[in-house]
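Chain naming here is simple, since letters A, B, ... match the order of the sequence lines and numbering starts at 1 in each. Computation of the quantities below employed the complete heavy-atom set of this structure, encompassing side-chain atoms and omitting hydrogens, waters and symmetry-equivalent molecules.
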2 protein chains.
Amino acid sequence: MAQSAQLQERINAFPTACRGAGLKVTPQRVAVYSMLVKTTQHPSPEEVYSEIRKLSPSISLATVYKILDMFMLKGFIRRVSTQDQVSRYDANLAPHDHLICSGCGKIQDIMGDEPQMRQPSGNQTNGFQVVSSEIHYHGFCGDCASVN
Amino acid sequence: MAQSAQLQERINAFPTACRGAGLKVTPQRVAVYSMLVKTTQHPSPEEVYSEIRKLSPSISLATVYKILDMFMLKGFIRRVSTQDQVSRYDANLAPHDHLICSGCGKIQDIMGDEPQMRQPSGNQTNGFQVVSSEIHYHGFCGDCASVN
DNA sequence: GTGGCTGCAAAGCTTTTGCATGTTC
DNA sequence: GAACATGCAAAAGCTTTGCAGCCAC
């Protein structure tokens, strides 16, 4: 599938991007980045940690936090807004929208029409300069809809 | 202004709504509800607490948390999604969109066109049933835009 | 009077910080 | 070899919980 080849390409480009940003390339950073690029979920630090621990049991949770912060600072990933108490991260930097399940809390990405085009309507913006936008759809995913 | 009369009406209706939901009406609950209805901000528990403390110094932070949870459960208020580490609450239950300032973190409400009408485009929804939606506009508010 | 609510204090999570050791370049 | 990253442990937030006393109904 073309999609996964594209992801692999981003992973291959990571060491160069990393050094370009003035960061050293370490196994821990490669592991965190690869995991975030590959998943369609929006994992929390704890989830990143336990996933990576399967392969590299010596990694520490504090390191995961430090790496995520650093990646945010360098613009490699971004934080997703959530209503619950944990941070969630996303390596998909293309503008896209979210389906948020009120049942299980899962967040699914969907591509928007032309999200760059959206502007707030009316004159209530008070000089606000829009840089980007995303739609949050709340509801129930396939699994949870069948239960409710 | 018609707007503030409408808010006052919601505050006046609160004791009845409260009892209707099987809750006792206490000064603390009235204070929390009034504060949330009146503000156009989206205060965190800590902010609710310190605001109410000015008038009723004996209220405790744990009580504020319990009241906010109970109000959520009863559908009087809702939690707003944020990227930072604190919960924020909103008593404005009408569908509306948000302007989120990347500079100062402030979240401003704006009314959408006809938000009920929005549906995710394409066929990537995988059986997801949309209940509601809101647009998050990211950018810089009037104050922060002039600095940047 | 009773059940539910409040306030206090303690505990539980998530996240951050400091520092010695280890790794990348 | 120097600068930076990691891992550990401790600390710092934010939030939840348990329980005795108090208040609304």
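Put simply, OH on B:Y49 is 14 Å from C1' on D:dT15, counting in whole angstrom units. Computed from coordinates, the B:D69 CG to C:dG4 C1' distance equals 16 Å when rounded to whole Å. Distance, A:E47 CD to C:dT15 P: 11 Å, rounded to whole Å. The CG atom of B:L73 sits 13 Å away from the P atom of D:dT16 (whole-angstrom rounding).
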May I have the step-by-step check of side chain to side chain donor-acceptor pair (under 3.5 Å) for B:R29 and B:Y33, ending in yes or no? CA-CA 6 Å; B:R29 283 175 177 172; B:Y33 189 75; over 6 Å; no
Let me see the working for A:F71 and A:F14 under ring-ring contact (aromatic ring centres under 6.0 Å, His included), right down to the final yes or no. CA-CA 11 Å; A:F71 283 2; A:F14 175 73; 5.6 Å; yes
For nucleotides 9-13 of chain C, give me every protein contact, N/O to N/O, under 3.5 Å, one pair per line with atom names.
none

Quick test: give all pairs of protein nitrogen or oxygen and nucleotides 2-6 of chain D nitrogen or oxygen below 3.5 Å, distance rounded to 0.1 Å.
{"from": "D:dA3", "atom 1": "N3", "to": "A:K24", "atom 2": "NZ", "distance (Å)": "2.9"}
{"from": "D:dC4", "atom 1": "O4'", "to": "A:K24", "atom 2": "NZ", "distance (Å)": "3.3"}
{"from": "D:dA5", "atom 1": "OP1", "to": "A:R29", "atom 2": "NH1", "distance (Å)": "3.2"}
{"from": "D:dA5", "atom 1": "OP1", "to": "A:R29", "atom 2": "NH2", "distance (Å)": "3.3"}
{"from": "D:dA5", "atom 1": "O5'", "to": "A:R29", "atom 2": "NH2", "distance (Å)": "3.0"}
{"from": "D:dT6", "atom 1": "OP1", "to": "A:T26", "atom 2": "OG1", "distance (Å)": "2.9"}
{"from": "D:dT6", "atom 1": "O3'", "to": "A:Q28", "atom 2": "NE2", "distance (Å)": "2.8"}

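The closest side-chain heavy-atom distance from B:H96 to B:I110 is not below 4.5 Å. Under the 4.5 Å side-chain criterion, counting only non-hydrogen atoms from C-beta, A:L36 is not in contact with A:D90.
Tracing side-chain contacts under 4.5 Å through hydrophobic residues (I, L, V, M, F, W, Y), one never reaches A:F128 starting from B:V80; they form parts of separate clusters.
Judged by distance alone, the side chain of B:E134 and the main-chain N or O of B:D97 form no donor-acceptor pair under 3.5 Å. Side-chain atoms of A:T63 do not come within 3.5 Å of backbone N or O of A:I59 as any donor-acceptor pair.
From A:H138, atom NE2 reaches atom CG of A:L99 across 10.5 Å, with rounding to the nearest 0.5 Å. Rounded to the nearest 0.5 Å, atoms NZ (B:K54) and OH (B:Y49) are 13.5 Å apart.
A heavy atom closer than 4.0 Å to some atom of DNA chain D occurs in A:Q85, these being the qualifying members of residues 74-87 of chain A.
A side-chain donor-acceptor contact under 3.5 Å links A:H98 and A:D109. Remark: the A:S87 side chain and the B:Q85 side chain contain an N/O donor-acceptor pair separated by less than 3.5 Å.
Listed pair A:Y65 / C:dT15 meets the phosphate criterion, a side-chain N or O lying under 4.0 Å from OP1 or OP2.
Side-chain heavy-atom separations under 4.5 angstrom define the hydrophobic clusters, and B:L55 shares its cluster with no other residue.
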Reading DNA chain C 5' to 3', what string of ( ), [ ], | and . shows its pairs, if Watson-Crick and G-U wobble pairs count only when both distances fall under 3.5 Å? |||||||||||||||||||||||||
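In this view, A:R88 and A:E47 satisfy the side chain to side chain donor-acceptor pair (under 3.5 Å) rule, not counting sequence neighbours.
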